[in-house]
Amino acid sequence: MPPFPSGEISLAPCAPAHPLATPALAREGSIDQAVARAAAADITRQFIRAKQPCADGYRWYLRRQEGASNYQALLDDLVREGRVDDACWMLDQFGPTNDVLDVDHLEADALVFAGSVRCRGHADVEGVLRTGRSLSVLGGLRVGGALRVGEDLRVAGAVRCDGSARLQGDTRVGWSLTVAQRMQCTGSLRVGGELDCGAAAHVGGHCRVTQDLRVMGDLGCDGGIKVGGHLQTDAAVQAARGVWVTGDVDCKGHLQVGWGVRAGGHIHAGGAIRAGESLWAGDTIAAGETYGVYAGLGVPLPDWPNSAQVCAREQPARLLSGYWAESHGSTP
């Protein structure tokens, strides 16, 4: 792969990185002043030793025979020599910078960058991709290892991650999002196509998926869930607010929702179905064989006829809480 234009940082395993301009200090309050100064200037042996690195990593650093090292250049060297875990440890210790890597296309074996990355085309990383701050890709994104983004993630195309994904801000994906292992998004999540996750998934804000949402483990959401297709999980679903699904809801564990659940098709769970407000389905509502259906758990009894309705093609078996609405078809 040819080196990046002059003034940009080359990526492992490309040519050695160009010297960085002096980065701005980290945001006030994000890390302590000593770490901020280290990120902005050179990192000395004494400073590395104070962070108590592993013996093997510290010996590698000493072999470089440098009295002081530029922060990002040190991260690049670690990645280039296959010490990606050490580079991630260093980013954990010293925190992010305000540097920006701006490229037309991104291809690398691995990348650990302390600032933000902006790619005007497609991005393809064989191993770990980690940024201290945001990641923006105007094409598609493929990551062969773990994906770690310190702030917001914006991808205009599709995202495929063959490892786990930890996204520390809001995430917007224009097409599909596929994560082979566990996915954690601390902010809100919006996907323009399908969302497939091969393990558990947790979203710290609202979750909106235009097509189908499939999760092989537990699905947790601290906001509401809106799905334009079907919602399928191999374990439990828990949402702090409401769940609105155009198609069917199928979960093999418990379905627990703080507000209400509305589905254009059926609502089926392998465990209990618990809703703080109403349950509405275009087809049937069914809990596991030894579990019940509960609606209106957060609603006073006098308000059940309006705010704790249970509406489906037929009355669910073992309906233990909620107001059964005889006339099917009216949205609660």
So, are [X] and [Y] salt-bridged, with charged N and O less than 4.0 Å apart?
| X | Y | answer |
| --- | --- | --- |
| Arg154 | Asp152 | yes |
| Arg130 | Asp92 | yes |
| Asp104 | Arg120 | yes |
| Arg133 | Asp99 | no |

Decide yes or no for [X] and [Y]: does some side-chain heavy atom of the first lie under 4.5 Å from some side-chain heavy atom of the second?
| X | Y | result |
| --- | --- | --- |
| Val249 | Val237 | no |
| Asp196 | Glu194 | yes |
| Leu135 | Leu129 | yes |
| Gln211 | Leu195 | no |
| Leu231 | Asp248 | no |
| Val245 | Val243 | yes |
| Val215 | Asp234 | no |
| Val209 | Cys207 | yes |

Nearest heavy atoms of [X] and [Y], plus distance in Å:
| X | Y | result |
| --- | --- | --- |
| Trp175 | Val191 | O-CG1, 3.2 Å |
| Val293 | Pro316 | CG2-CB, 4.2 Å |
| Ala114 | Gln72 | N-OE1, 3.0 Å |
| Gly169 | Cys185 | O-SG, 3.5 Å |
| Gly296 | Ala308 | CA-CB, 3.4 Å |
| Val143 | Gly127 | CG1-O, 3.3 Å |

Query raised in the report: Using the ring of each side chain (for Trp, its six-membered ring), is His105 parallel, tilted or perpendicular to His122, with breaks at 30° and 60°?
Result: parallel
Donor-acceptor under 3.5 Å ([X] side chain, [Y] main chain):
| X | Y | result |
| --- | --- | --- |
| Gln309 | Trp304 | no |
| Ser278 | Ser307 | yes |
| Ser134 | Ser116 | no |
| Asp212 | His230 | yes |
| Arg318 | Gly288 | yes |
| His254 | Gly271 | no |

Between atom [atom1] of [X] and atom [atom2] of [Y], what is the distance when rounded to the nearest 0.5 Å?
| X | Y | atom1 | atom2 | answer |
| --- | --- | --- | --- | --- |
| Leu106 | Arg142 | CG | CZ | 11.5 Å |
| Leu101 | Cys119 | CG | SG | 9.0 Å |
| Ile273 | Leu279 | CD1 | CG | 6.5 Å |
| Thr131 | Gln168 | OG1 | CD | 9.5 Å |
| Arg208 | Leu213 | CZ | CG | 13.5 Å |
| Trp244 | Trp280 | CH2 | CH2 | 9.0 Å |

Query - Donor-acceptor side-chain pairing of Gln232 and Arg214 below 3.5 angstrom - result: no
Query raised in the report: Between the side chains of His266 and Asp250, does any donor sit under 3.5 Å from an acceptor?
Result: yes
Using the rule that two of Ile, Leu, Val, Met, Phe, Trp, Tyr join whenever any of their side-chain heavy atoms come within less than 4.5 Å, decide whether [X] and [Y] are in one cluster.
| X | Y | value |
| --- | --- | --- |
| Tyr323 | Val257 | no |
| Val125 | Val137 | yes |
| Val155 | Leu138 | no |
| Trp259 | Ile267 | no |
| Leu320 | Tyr291 | no |

Requested in this report: Verify the neighbour count for atom CZ of Arg160: are there more than 12 heavy atoms of other residues, nucleotides or ligands below 6.0 Å?
Outcome: no
**Report entry** Chi angles and distances behind the side-chain hydrogen bond (donor to acceptor under 3.5 Å, both in side chains) call for Ser164, Arg148
**Finding:** CA-CA 8 Å; Ser164 61; Arg148 303 286 185 268; 3.0 Å; yes
Report task. Please step through side-chain hydrogen bond (donor to acceptor under 3.5 Å, both in side chains) for the pair Arg166 and Gln184, ending with a clear verdict. Result -> CA-CA 5 Å; Arg166 187 169 69 236; Gln184 180 183 13; 5.0 Å; no
Query raised in the report: Does the pair Val299 and Leu297 meet the rule for a side-chain contact (heavy atoms from CB on, under 4.5 Å), with working shown?
Result: CA-CA 6 Å; Val299 177; Leu297 295 176; over 6 Å; no
Query raised in the report: Are Ser188 and Asp170 close enough, and set up right, to give a side-chain hydrogen bond (donor to acceptor under 3.5 Å, both in side chains), and what steps lead you there?
Result: CA-CA 5 Å; Ser188 62; Asp170 294 335; 3.3 Å; yes
Query raised in the report: Step by step, would you call Glu277 with Val261 a side-chain contact (heavy atoms from CB on, under 4.5 Å)?
Result: CA-CA 8 Å; Glu277 298 178 2; Val261 181; over 6 Å; no
**Report entry** From CA spacing to verdict: side-chain contact (heavy atoms from CB on, under 4.5 Å), Val112, Val84
**Finding:** CA-CA 8 Å; Val112 179; Val84 177; 4.3 Å; yes
Requested in this report: Any chance you could lay out the side-chain contact (heavy atoms from CB on, under 4.5 Å) test for Lys252 and Thr233, step after step, and finish with the verdict?
Outcome: CA-CA 7 Å; Lys252 295 184 179 179; Thr233 70; 6.0 Å; no
